[in-house]
Amino acid sequence: MVALADFFWGWLVGSLLLGFAVGWISVVHRGPSFSRNAGLGIAGVATVLVGLSLARLVPGRAGYWLDLFLAMLAAYLIGCAIGSWLRYWVVARQSQRP
């Protein structure tokens with residue numbers, strides 16, 4: 001994984017910055033969320049993919065792409081979380097001004 005991050009560091013930073021931008025410009029919408037079954041299904045798929053990656057059960061190029069996909073997805077989601085948190089913080093500070 002370190003070799004993957006060393007070789008694709010630019011793509012990982014780009015994924016993080018894209019996530020930050022999407023998190024910043026996205027407006028939080030309090031609509032209906034996923035059903036419990038859909039949430040469990042998504043969590044199950046994510047758990048299986050991470051388990052396959054950690055156990056190194058997917059050989060060759062497909063395993064390489066799986067590792068890259070998971071690393072870029074994690075960087076994107078972290079960027080989204082940071083961007084939305086910073087936007088919330090900035091908007092909350094602006095609404096407190098007299």
Side-chain angles (χ1 to χ4, degrees):
M1 192 62 97
V2 173
L4 189 72
D6 187 37
F7 188 71
F8 287 111
W9 70 270
W11 287 97
L12 292 171
V13 170
S15 180
L16 182 78
L17 292 176
L18 180 65
F20 179 81
V22 168
W24 181 267
I25 65 172
S26 295
V27 177
V28 176
H29 175 66
R30 301 287 181 202
S33 62
F34 289 119
S35 68
R36 181 173 171 87
N37 289 338
L40 288 174
I42 292 170
V45 169
T47 302
V48 167
L49 289 176
V50 170
L52 286 172
S53 177
L54 290 175
R56 299 189 188 275
L57 294 176
V58 181
R61 187 178 295 232
Y64 181 75
W65 286 109
L66 175 64
D67 289 346
L68 182 61
F69 166 74
L70 291 174
M72 289 185 74
L73 180 65
Y76 176 79
L77 292 176
I78 289 169
C80 282
I82 292 170
S84 65
W85 177 76
L86 282 176
R87 179 180 168 92
Y88 172 77
W89 184 70
V90 167
V91 169
R93 284 192 61 182
Q94 286 179 355
S95 66
Q96 291 176 355
R97 290 186 181 174

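Source: prediction; values computed, not measured.
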Would you find more than 12 non-hydrogen atoms of other residues, nucleotides or ligands less than 6.0 Å from Phe7 atom CZ?
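No, the 6.0 Å shell around CZ holds no more than 12 heavy atoms from other groups.
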
Counting neighbours of CH2 on Trp24 that are heavy atoms of other residues, nucleotides or ligands and sit closer than 6.0 Å, is the number greater than 12?
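Yes - once you tally the heavy atoms of other residues, nucleotides and ligands closer than 6.0 Å, there are more than 12.
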
Take Val58 and Trp65 through the side chain to side chain contact (heavy atoms under 4.5 Å, CB included) test and state the conclusion after the steps.
CA-CA 10 Å; Val58 181; Trp65 286 109; over 6 Å; no

Counting C-beta onward and ignoring hydrogens, is there a side-chain heavy-atom pair between [X] and [Y] closer than 4.5 Å?
{"X": "Leu73", "Y": "Leu77", "result": "yes"}
{"X": "Asp67", "Y": "Phe8", "result": "no"}
{"X": "Phe20", "Y": "Leu86", "result": "yes"}

Other ILVMFWY residues reachable from Ile42 by side-chain steps of under 4.5 Å
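Members besides Ile42, by chain and number: Phe34.
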
Looking at every heavy atom in both Leu16 and Ile78, which two are closest together, and how far apart are they?
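Reported closest heavy-atom pair: CD1-CG2, 4.0 Å.
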
Can you name the closest pair of heavy atoms from Ser15 and Met72 and give their distance?
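Distance-wise, the nearest heavy atoms are OG-O, 2.8 Å.
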
Side-chain heavy atoms nearer than 4.5 Å, only ILVMFWY residues, links allowed to pass through others: does that put [X] and [Y] together?
{"X": "Val13", "Y": "Leu68", "result": "no"}
{"X": "Leu66", "Y": "Val48", "result": "yes"}
{"X": "Val45", "Y": "Leu40", "result": "no"}
{"X": "Ile25", "Y": "Leu17", "result": "no"}
{"X": "Tyr88", "Y": "Val91", "result": "no"}

Look at the side chain of Ser53 and the backbone N and O of Leu49, then say whether any donor-acceptor pair between them is shorter than 3.5 Å.
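Checked: no pair found.
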
